[in-house]
Protein chains: 2
Amino acid sequence: MVDTTGHPPADLPRLLHVTPRRQQILDTAADLFAARGFHGVSMGDIGAAVGISGPALYKHFASKEDILGQCLLHASDQLLAGARELLSGAASPQAALHALVARHADFALDNPALIVVQEREWDALGTEARAQVRKHQLAYIDVWTDALRPLRPDLGATEARAAVQAAFGLLNSTPHSARINRATMHALLTTMANQALSAPAR
Amino acid sequence: MVDTTGHPPADLPRLLHVTPRRQQILDTAADLFAARGFHGVSMGDIGAAVGISGPALYKHFASKEDILGQCLLHASDQLLAGARELLSGAASPQAALHALVARHADFALDNPALIVVQEREWDALGTEARAQVRKHQLAYIDVWTDALRPLRPDLGATEARAAVQAAFGLLNSTPHSARINRATMHALLTTMANQALSAPAR
DNA sequence: GCAACGGGTTAACGAGCGTTAACCGGGAGG
DNA sequence: CCTCCCGGTTAACGCTCGTTAACCCGTTGC
């Protein structure tokens, strides 16, 4: 994972290495994008937030859109890789789904900015970056759907996908939500998601 | 409802009346804002989408921000008024909560653009409009919380609010979700939300 | 010691934005 | 018939943005 042969300009090799500075910029930019939206944040804003100014960012990224792309790719890749790693060591289907829920809740609680950006600005990307991100997202949904379907034979394929996305919406409500103790919030979100995904009582 | 004494310029009285043109502009703008974000849509875009061009919009609204404000105020007001109306005729606490869930699901399925805009761009507003919208949103959350707490004595006040917002996240997942039959989607969302909000099995 | 380079600076550009100004046609009221 | 106003138009202003250019300094390799 983590590369997927994503060479954006291909002629600026150093713009791909992972340096602390690059990571700092990505983290800061994600926060700003989450707070004010992609178009609501200027390069000057991002630069100022990391202590450098405006055009210096082009020493690290090819463009503003490139910054957003790296944010989203990193986020979607992290989620997908984590989920696949989980599934390889799952005892039962029930355990697999519960593990996915818990992991996603952890991610959402730890990276609220990435969650927000991922769900609202993936359309601001250029076609190629958008395709990459979309691929990861769809794959992630598929992992969940595959985990859910054996437990819910009452759901058709598309219904199962919709149910999964509804569960994402629930878990991703974290950034918009009241501030309570992290552990309490984690417990609340996971039990709610698990109940939402379980079969109705009938 | 629907006014809350919101006179924005106070010197342009006709900018408050509800004309078909104004409503058309608001609807179109909501779609555009939902698709590309507030800052990603220009006045020219909005004008073009309703068949007039750019500056003509100032014959109907004071500013771009005013358009967004009217969108959000209308949406939050509609939700709140509907919820209060429901509660006045609810038989049991259970029935009240179920009615709220069903109504919210209806709204989300009918107005996906308003849902998206409401949850992502209320911070692009000026202080006074933001306060208005926030007030409606908080009141709406309170209505839900008041309906939920008698059913879930195990939840503290802030936990109940977080649970309500998690349920919103679930129900609001509609716009991001796969396209399935509206009735099926409604059934899926309501049962999931009701299960998510019900007490854990223990 | 010096060339190369990584990472920063400020200045400047061109485009696009929100908004205002000035103008105009048509229908209603007296 | 003249007047007003409602809802359009196009032109223009000023500002901000993303991006490029030109320059600079400290560190490193030869």
Side-chain angles (χ1 to χ4, degrees), chain A residues 8-30 32-33 35-71 117 121 123-127 129, chain B residues 8-9 11-30 32-33 35-71 117 121 123-129:
Chain A
D11 49 316
L12 293 179
R14 65 198 156 88
L15 294 193
L16 294 175
H17 299 355
V18 175
T19 78
R21 192 53 140 185
R22 274 177 63 90
Q23 197 53 51
Q24 178 199 14
I25 294 172
L26 287 179
D27 293 345
T28 316
L32 291 175
F33 290 157
R36 309 211 296 269
F38 178 68
H39 297 289
V41 176
S42 75
M43 292 297 263
D45 293 336
I46 304 174
V50 298
I52 66 184
S53 243
L57 293 170
Y58 290 86
K59 296 295 160 78
H60 303 278
F61 296 94
S63 68
K64 186 186 175 187
E65 197 181 294
D66 184 30
I67 298 183
L68 176 62
Q70 306 280 342
C71 281
V117 174
E121 337 251 22
D123 41 50
L125 255 49
T127 12
Chain B
D11 49 316
L12 294 180
R14 64 196 157 89
L15 294 193
L16 293 175
H17 298 356
V18 174
T19 80
R21 193 53 141 185
R22 273 176 64 90
Q23 198 52 52
Q24 179 199 14
I25 294 173
L26 286 178
D27 292 345
T28 317
L32 291 175
F33 290 157
R36 310 211 297 269
F38 178 69
H39 297 288
V41 176
S42 74
M43 291 297 263
D45 293 335
I46 302 174
V50 298
I52 66 183
S53 241
L57 293 170
Y58 289 86
K59 295 295 161 77
H60 303 277
F61 295 95
S63 67
K64 186 186 176 188
E65 196 181 295
D66 184 30
I67 297 182
L68 176 62
Q70 305 280 343
C71 282
V117 173
E121 340 251 18
D123 41 50
L125 254 49
T127 12
E128 100 181 29

Please report the distance, rounded to the nearest Å, between [atom1] in [X] and [atom2] in [N].
X	N	atom1	atom2	result
B:Arg22	D:dG7	CZ	P	11 Å
B:Met43	D:dA11	CE	C1'	17 Å
A:Phe61	D:dG18	CZ	P	15 Å
B:Asp66	C:dT19	CG	P	10 Å
A:Ile52	D:dC24	CD1	P	20 Å
A:Tyr58	D:dG18	OH	P	7 Å
A:Ile25	C:dG7	CD1	P	10 Å
A:Leu57	C:dG8	CG	P	9 Å

If only side-chain N and O atoms of [X] are considered, is one of them under 4.0 Å from the OP1 or OP2 phosphate oxygen of [N]?
X	N	value
B:Lys59	D:dG8	no
B:His60	D:dG8	yes
A:Arg21	C:dG6	no

Note, [X] side chain near [Y] side chain (heavy atom, < 4.5 Å):
X	Y	value
B:Ile52	B:Arg21	yes
A:Gln23	A:Asp27	yes
A:Gln70	A:Arg22	yes

query = Between A:Pro55 and A:Asp45, which has a closest nucleotide on DNA chain D that is more 5'?
reply = A:Asp45
message = Just to be sure I understand the rule, does A:Val50 reach a base, reach only the sugar-phosphate, or reach nothing, if contact means heavy atoms closer than 4.0 Å?
response = nothing
query = Out of D:dC17, D:dT19, C:dT19, which has the shortest distance to the side chain of B:Ser63?
reply = C:dT19
request  = Please tell me which of the listed nucleotides, D:dA11, C:dT9, D:dT19, lies nearest to the side chain of A:Ala56?
outcome  = C:dT9
remark   = For A:Phe38 and A:Ala124 the tightest heavy-atom approach is CD2-CB, 3.8 Å
task = Indicate yes or no for a side-chain donor-acceptor contact from B:Glu65 to the backbone of B:Gly126 under 3.5 Å, with no hydrogens or angles considered.
result = yes
